[in-house]
Visitor: 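Have a look at this one before I ask anything.
Source: prediction; values computed, not measured. Position 1 is the first residue of the sequence, and the numbers go up from there.
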Amino acid sequence: MIDSDCNSLWRASSPAAPELTSLSSDMVVDVAIVGAGFTGLSAALHLAKKGFSVVVLEAQEVGFGGSGRNVGLANAGLWLEPDELDKQLGLEDGKRLYDALSVAPDTVFSLIDEYQIECEATRHGTLHAGVGKAGLAQLQRRCDQLQQRGAPVQLLGMSDAQARIGSEKFCGALFDPRAGTIQPLAYARGLAHAALKEGATIFEYSPVTSIVLEQDSWKLDTEKGSVSAEKVVLATNAYCEFGVQEQARKFVPIFYSQLATKPLTEKELERVLPNKEGCWDTCTVMSSFRLDQQGRLIFGGMGGTGQTLTNWATQRVHELFPTLSNLEWDYCWTGKIAYSEDHLPHCQQLQRGLFSVAGYSGRGIGPGTVMGKELAHWFAGDIESLSAPTSVLRDTPLRELKRVFYEVGAKAYHLGQSKHLLT
């Protein structure tokens, strides 16, 4: 069923998804994948290209979860600063993961080019916008660490940053030319078309009701059929209710909401993000903003939708871009992020032949695409292909308390900021 609460710009503006059916028979394949988001579809595409028989089982529709509700920033790397990545994984493993994800935008945009995916792909870089002295110090630290590793990033001073963003509220910005923006649901649907072209099979509205090991293969049951496979990939990320629910205990779910305006005028577009970079800021309760190809401003913030968030978004946008006098929201939607304790993605082998890939902590486009591709290489015999940690994760302690903490904290921040901006 379509999520009636998801009033998404992406759904309204995306090219058509492939025409798919639900599973209604019993099948035997090499690999079964649960979840038709970036990771699952990338894995299916690359496995099929290597000659594997592969089936994707999606409980709802292609891109239903976080992939289709994404901000659409195709960034390089992770949230973690590179030095912190090395501390957590060690120099060798940290470098392996850094190197793999530093070129993640190349992987994304090359697939878009190869399969002619219509997803508003715009590779003009991204801007990490600095707020206050602490924000500028964070950007300087990131810039130094990235440049030491050869990244072509540039720290913009106040005047350059304000001109590139079109707002006087930022003290600097870290520009990364490797990155860009996409229409995320359109990208997911394009990956599905590409996977089908390469020979994969995808079923929608086929929620998995059980996964059982029977002798040498896994059997995945749905309401009207089953799939038996030597290997299974769980690629549901924050939407574990549509896969193996026990995996939900490994991550903290965080809501992130977005609103989209009516198309801005030509005069407004000359000032607001004139180069069409995607942006996010250094605030503890982060917000993001970007344009689509129709000139709509898309603004996002942590937390679920509601009047508090809408009021805050309206006032925050007026503060950032006071020239936008007639601000109206046409769309508003929410997605879930799988927030890992160490801020790293993980590829876990839960049992022999049963794998789970999740934990992008809000950065799923590049890592999800890369992890899916790496899994295909791994299954094909390249044991050195996986860049993500492979240890089995323990349950996140106090998971529900942390979820409530983040949600209440985001609401309190938005409410407090709204009152501050009104005074």
Side-chain angles (χ1 to χ4, degrees), residues 1-6 8 10-12 14-48 52-69 115 117 184-214 217-248 333 335-336 353-358 368 372 375:
M1 66 178 184
I2 292 175
D3 185 353
S4 60
D5 293 330
C6 186
S8 166
W10 306 142
R11 184 185 297 280
S14 180
E19 294 185 6
L20 302 170
T21 63
S22 59
L23 178 65
S24 59
S25 62
D26 298 329
M27 302 180 65
V28 179
V29 296
D30 296 325
V31 183
I33 297 171
V34 183
F38 300 139
T39 304
L41 293 169
S42 175
L45 167 60
H46 290 97
L47 283 164
F52 288 84
S53 58
V54 56
V55 163
V56 179
L57 297 174
E58 167 57 47
Q60 297 291 321
E61 60 182 13
V62 167
F64 171 84
S67 295
R69 302 163 194 252
Y115 292 99
I117 297 174
L185 179 58
Y187 176 59
R189 289 179 174 181
L191 286 178
H193 281 292
L196 292 169
K197 180 180 179 180
E198 295 294 348
T201 302
I202 305 172
F203 293 105
E204 290 183 322
Y205 306 108
S206 301
V208 174
T209 56
S210 69
I211 302 178
V212 180
L213 182 61
E214 294 185 347
S217 66
W218 290 92
K219 183 181 180 185
L220 292 77
D221 288 317
T222 68
E223 183 180 352
K224 297 181 180 179
S226 68
V227 176
S228 295
E230 179 184 350
K231 292 183 174 65
V232 175
V233 178
L234 305 176
T236 56
N237 203 36
Y239 291 76
C240 293
E241 64 267 33
F242 301 114
V244 177
Q245 295 187 25
E246 290 77 6
Q247 282 300 99
W333 67 100
K336 283 194 296 185
L354 179 62
F355 303 86
S356 173
V357 186
L375 269 177

Visitor: Of all the heavy-atom pairs spanning Ser217 and Ser228, show the shortest one and how long it is.
Guide: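 Taking every non-hydrogen atom into account, OG-CB, 4.4 Å.
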
Visitor: Judged by atom type as modelled, is there a donor-acceptor pair below 3.5 Å linking the side chain of Thr209 to the main-chain atoms of Asp221?
Guide: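 Indeed, once roles are kept as given, a pair shorter than 3.5 Å links the two residues.
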
Visitor: Where do Phe203 and Ser206 come nearest, in terms of heavy atoms and distance?
Guide: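 The answer is CB-OG, 3.6 Å.
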
Visitor: Under the side-chain contact (heavy atoms from CB on, under 4.5 Å) criterion, do Val227 and Val232 qualify, and how do the steps go?
Guide: CA-CA 10 Å; Val227 176; Val232 175; over 6 Å; no

Visitor: Step by step, work out the side-chain contact (heavy atoms from CB on, under 4.5 Å) result for Tyr115 and His193.
Guide: CA-CA 9 Å; Tyr115 292 99; His193 281 292; over 6 Å; no

Visitor: Would you give the length of the straight line joining atom OG1 of Thr39 to atom CD1 of Ile33, rounded to the nearest 0.5 angstrom?
Guide: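 Those atoms lie 9.5 Å apart.
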
Visitor: Closest approach of Ala229 and Ala32, non-hydrogen atoms and distance?
Guide: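 Where Ala229 meets Ala32 most closely, the heavy atoms are CB-N, 3.6 Å.
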
Visitor: With rounding to the nearest 0.5 angstrom, report the CG to CD distance, Leu47 to Glu198.
Guide: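 Nearest 0.5 Å value for the CG-CD distance: 11.5 Å.
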
Visitor: Scan the side chains in residues 17-27 for donor-acceptor partners under 3.5 Å anywhere in the protein, sequence neighbours excluded, and list what turns up.
Guide:
| residue | atom | partner | partner atom | Å |
| --- | --- | --- | --- | --- |
| Asp26 | OD1 | Ser226 | N | 3.2 |
| Asp26 | OD1 | Ser226 | OG | 2.8 |

Visitor: Could you tell me the separation between the OG1 atom of Thr236 and the CD atom of Glu58, rounded to the nearest 0.5 Å?
Guide: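 So the OG1 of Thr236 and the CD of Glu58 are separated by 9.5 Å.
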
Visitor: Give the minimum heavy-atom separation between Ala188 and Gly63, together with the two atoms involved.
Guide: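 Minimum heavy-atom contact is CB-CA, 4.2 Å.
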
Visitor: Short question: side chain of Asn237, backbone of Ala358 - any donor-acceptor pair under 3.5 Å?
Guide: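 Side chain of Asn237 to backbone of Ala358: no pair is present.
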
Visitor: Look up atom CG in Leu375 and atom CZ in Phe355, then write down how far apart they are to the nearest 0.5 Å.
Guide: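 It is 7.5 Å, given to the nearest 0.5 Å.
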
Visitor: First locate atom CD of Gln60, then atom OH of Tyr239, and finally report the distance between them rounded to the nearest 0.5 Å.
Guide: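 Here the interatomic distance stands at 10.5 Å.
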
Visitor: Rounded to the nearest 0.5 Å, what separation is found between the OG atom of Ser67 and the CG atom of Leu185?
Guide: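 Answer rounded to 0.5 Å: 9.0 Å.
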
Visitor: Would you confirm whether Arg69, through its side chain, and Trp333, through its main-chain N or O, come within 3.5 Å as a donor-acceptor pair?
Guide: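 No; zero donor-acceptor contacts below 3.5 Å.
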
Visitor: Please report the shortest heavy-atom distance between Phe52 and Asp30, naming the atom on each side.
Guide: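 What the structure gives for the nearest pair is CA-OD2, 3.5 Å.
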
Visitor: List in chain and number order the residues that pass side-chain hydrogen bond (donor to acceptor under 3.5 Å, both in side chains) with Glu223, two or more places apart in sequence or in another chain; answer none if no residue qualifies.
Guide: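 Not a single residue meets the side-chain hydrogen bond (donor to acceptor under 3.5 Å, both in side chains) criterion with Glu223.
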
Visitor: Taking all heavy atoms of Ile211 and all of Leu234, pick out the closest pair and write down the distance.
Guide: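 Taking Ile211 first and Leu234 second, the nearest heavy atoms are CD1-CD2, 3.8 Å.
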
